[in-house]
2 protein chains.
Amino acid sequence: MQPTQDILSEELKQTARFAKALSHPIRLAILELLNSQACCFHGDMAEILPVAKSTLSQHLKELKNAGLIQGNISSPTIKYCINRENFEQAKQLLSSALK
Amino acid sequence: MQPTQDILSEELKQTARFAKALSHPIRLAILELLNSQACCFHGDMAEILPVAKSTLSQHLKELKNAGLIQGNISSPTIKYCINRENFEQAKQLLSSALK
DNA sequence: ATCTTCAATCGTATTTTTACGAATTGCGAA
DNA sequence: TTCGCAATTCGTAAAAATACGATTGAAGAT
């Protein structure tokens, strides 16, 4: 029994985490919206995307947990933005996985 | 009620499908192995990767369903290879999603 | 202090994913 | 034909993802 052979390296796991965050059409649509600056607010997205607001919140949460976006309070709404640093890392890791 | 607004375009859905295929460390490790030519056979992978053979088969099946790999019979074993065409498409779609 | 509004969280149900060992299949060798 | 090996499929269980409406929470406006 080997001590956690790192065939499953931390890098691989991180790549998988990012991929999982990207694995739902709604989440990709969110990123597209944020990326194009077309929209930054939960409420606006809720009008465009075909899901309930609570479901949208869940997807936003997952993107936040993955580090791909962040929310800044701008009362009474919340402005969501891409987290460029992690976004770049995701891009780099995934493109390296698909080399 | 709008007729399936294509905020969720076919392209987005395809991107999500590829991302889902990449969203598990084992599957990424499989692709890494195939990509590096280090190994092509189910049996060889089963020795390296920390999962049961039946579980490995399931992951291989998902990668096949996503179109990222293909298996060629080479009795008594099966030789797995990257499907370069779809692999390229995945790369292109994901990199475009992360632009 | 109360009301409104926006967003997150809760509670819940359903579906999908992940995992394993057992059983099956397919194919060549004996 | 029978045996053996490789890989898949089956049966099953446990965990995670997805979705919704209802409830809660936080903050500014009245």
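Below, chains carry the letters A, B, ... as their sequence lines are ordered, and counting in each starts from 1.
Screening residues 70-99 of chain A for ring pair (Phe, Tyr, Trp, His ring centres under 6.0 Å) gives no qualifying pairs among residues at least two apart or on separate chains. Sorted by first and then second residue, the side-chain hydrogen bond (donor to acceptor under 3.5 Å, both in side chains) pairs with a member in residues 85-96 of chain A form an empty list; sequence neighbours excluded.
Looking at residues two or more places apart in sequence or on another chain, you find a side-chain contact (heavy atoms from CB on, under 4.5 Å) between B:T77 and B:F41, B:S74. Qualifying side-chain hydrogen bond (donor to acceptor under 3.5 Å, both in side chains) partners for A:Q70, counting only residues two or more places apart in sequence or in other chains: A:N83. Annotation: side-chain contact (heavy atoms from CB on, under 4.5 Å) contacts of A:K61 (sequence neighbours excluded): A:N65. Residues forming a side-chain hydrogen bond (donor to acceptor under 3.5 Å, both in side chains) with B:E62 (at least two apart in sequence, or on another chain): none.
Side-chain atoms of A:S75 and base atoms of D:dG28 include no donor and acceptor less than 3.5 Å apart.
Put simply, CD1 on A:I69 is 13 Å from P on C:dA7, counting in whole angstrom units. When the P atom of C:dT9 is taken as reference, atom CG of A:N65 falls 10 Å away, rounded to whole Å. In this structure, the NZ atom of A:K64 is 8 Å from the C1' atom of C:dA8, given to the nearest Å. Rounded to whole angstrom, the span from the CG atom of B:L56 across to the C1' atom of C:dG21 amounts to 15 Å. Across the protein-nucleic acid pair, A:K61 atom NZ and D:dA16 atom P stand 14 Å apart, rounded to whole Å.
Without hydrogens or angle criteria, B:T55 side chain to B:V51 main chain gives no donor-acceptor distance under 3.5 Å.
Of all non-hydrogen atoms in A:I7 and A:L12, the two that sit nearest each other are O-CD2, 3.4 Å.
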For a quick test of your reading: what N or O donor-acceptor pairs under 3.5 Å do the side chains of residues 26-37 of chain B make, sequence neighbours left out?
| from | atom 1 | to | atom 2 | distance (Å) |
| --- | --- | --- | --- | --- |
| B:R27 | NE | B:A21 | O | 2.9 |
| B:R27 | NH1 | B:H59 | ND1 | 2.9 |
| B:R27 | NH2 | B:K20 | O | 3.2 |
| B:N35 | OD1 | B:R84 | NH2 | 2.7 |
| B:N35 | ND2 | A:K99 | O | 2.8 |
| B:S36 | OG | B:E32 | O | 3.2 |
| B:S36 | OG | B:L33 | O | 3.1 |
| B:S36 | OG | B:A38 | N | 3.2 |

Atom pairs, N/O to N/O, protein against nucleotides 4-7 of chain D, distance under 3.5 Å?
| from | atom 1 | to | atom 2 | distance (Å) |
| --- | --- | --- | --- | --- |
| D:dA7 | OP1 | B:I78 | N | 3.3 |
| D:dA7 | OP2 | B:G43 | N | 2.9 |

Nucleotide N/O to protein N/O under 3.5 Å, stretch nucleotides 17-19 of chain C:
| from | atom 1 | to | atom 2 | distance (Å) |
| --- | --- | --- | --- | --- |
| C:dT17 | OP1 | B:K20 | NZ | 3.2 |
| C:dT18 | OP2 | B:R27 | NH1 | 3.0 |
| C:dT18 | OP2 | B:R27 | NH2 | 3.3 |
| C:dT18 | OP2 | B:E62 | OE2 | 3.4 |
| C:dA19 | OP2 | B:H24 | NE2 | 3.4 |
| C:dA19 | OP2 | B:H59 | NE2 | 2.6 |
| C:dA19 | N7 | B:Q58 | NE2 | 2.9 |

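In this structure the side chain of A:L22 reaches within 4.5 angstrom of the side chain of B:L94, judged on heavy atoms. Taking 4.5 Å as the limit, some side-chain heavy atom of A:L8 sits within range of a side-chain heavy atom of B:P50.
Taking the C1' atoms of five terminal pairs at each end of the helix from C:dA1-D:dT30 to C:dA30-D:dT1, the two resulting helix axes are inclined by 10°, rounded to 10°.
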